[in-house]
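Side chains included, hydrogens not; waters and symmetry mates left out as well; all remaining heavy atoms used.
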Amino acid sequence: MSGVRLVVGVIVMGVAVPITLFLLLGLHSISNLLTIATTTLLTWGAADFLATILEHPRLKDRSPGKALREDWERRSKE
């Protein structure tokens with residue numbers, strides 16, 4: 001993940017989207033805002049992780065599930 005992509009992602013998914021949802025839903029508690037921010041950041045991180053795995057050319061002869069398992073096993077051994 002490049003630095004620019006990380007900064008833009010954190011600003012958008014950690015600040016802009018949670019504040020927008022907070023205001024549109026008419027919420028009033030800071031804990032609601034923090035929950036939305038945490039959820040969007042975790043979702044963004046998981047989606048970016050999966051996109052990184054799926055964009056590798058070695059996926060051509062494997063299913064996405066098999067690629068995830070093998071990549072997870074390889075990373076845990078390192």
- Item | Check: N32 and L25 side chains under 4.5 Å, non-hydrogen atoms | no

- Query: Quick one: does L27's side chain get under 4.5 Å of L33's, heavy atoms only?
  - Reply: no

Taking atom [atom1] of [X] and atom [atom2] of [Y], what is their separation to the nearest 0.5 Å?
X	Y	atom1	atom2	result
T40	M13	OG1	CE	5.0 Å
S63	R69	OG	CZ	6.0 Å
F49	R75	CZ	CZ	5.0 Å

- Message: Suppose we screen for side chain to side chain contact (heavy atoms under 4.5 Å, CB included). Which residues come up paired with T35, at least two apart in sequence or across chains?
- Response: T39

- The side chain to side chain contact (heavy atoms under 4.5 Å, CB included) partners of L21 (sequence neighbours excluded) come to V17, I36

- Members sharing I30's hydrophobic cluster, built from side-chain contacts under 4.5 Å between Ile, Leu, Val, Met, Phe, Trp and Tyr, are L34

- Task: Show which residues join L42 in its hydrophobic cluster (side-chain heavy-atom contacts under 4.5 Å, direct or indirect), or state none.
- Result: none

- Task: Return the set of residues passing side-chain hydrogen bond (donor to acceptor under 3.5 Å, both in side chains) with S29 (not counting sequence neighbours), or none when no residue passes.
- Result: S31

- Item | Distance-minimising heavy-atom pair for R5 and W44 | O-CZ2, 4.2 Å

- Note on the structure: When every non-hydrogen atom of G14 is compared with those of A37, the smallest separation belongs to O-CB, 3.9 Å

- Task: Spell out, yes or no, whether I11 and L41 are grouped together once hydrophobic residues are joined by side-chain heavy atoms under 4.5 Å, including indirect joins.
- Result: no

- Shared ILVMFWY cluster between V10 and V8, side chains joined below 4.5 angstrom? yes

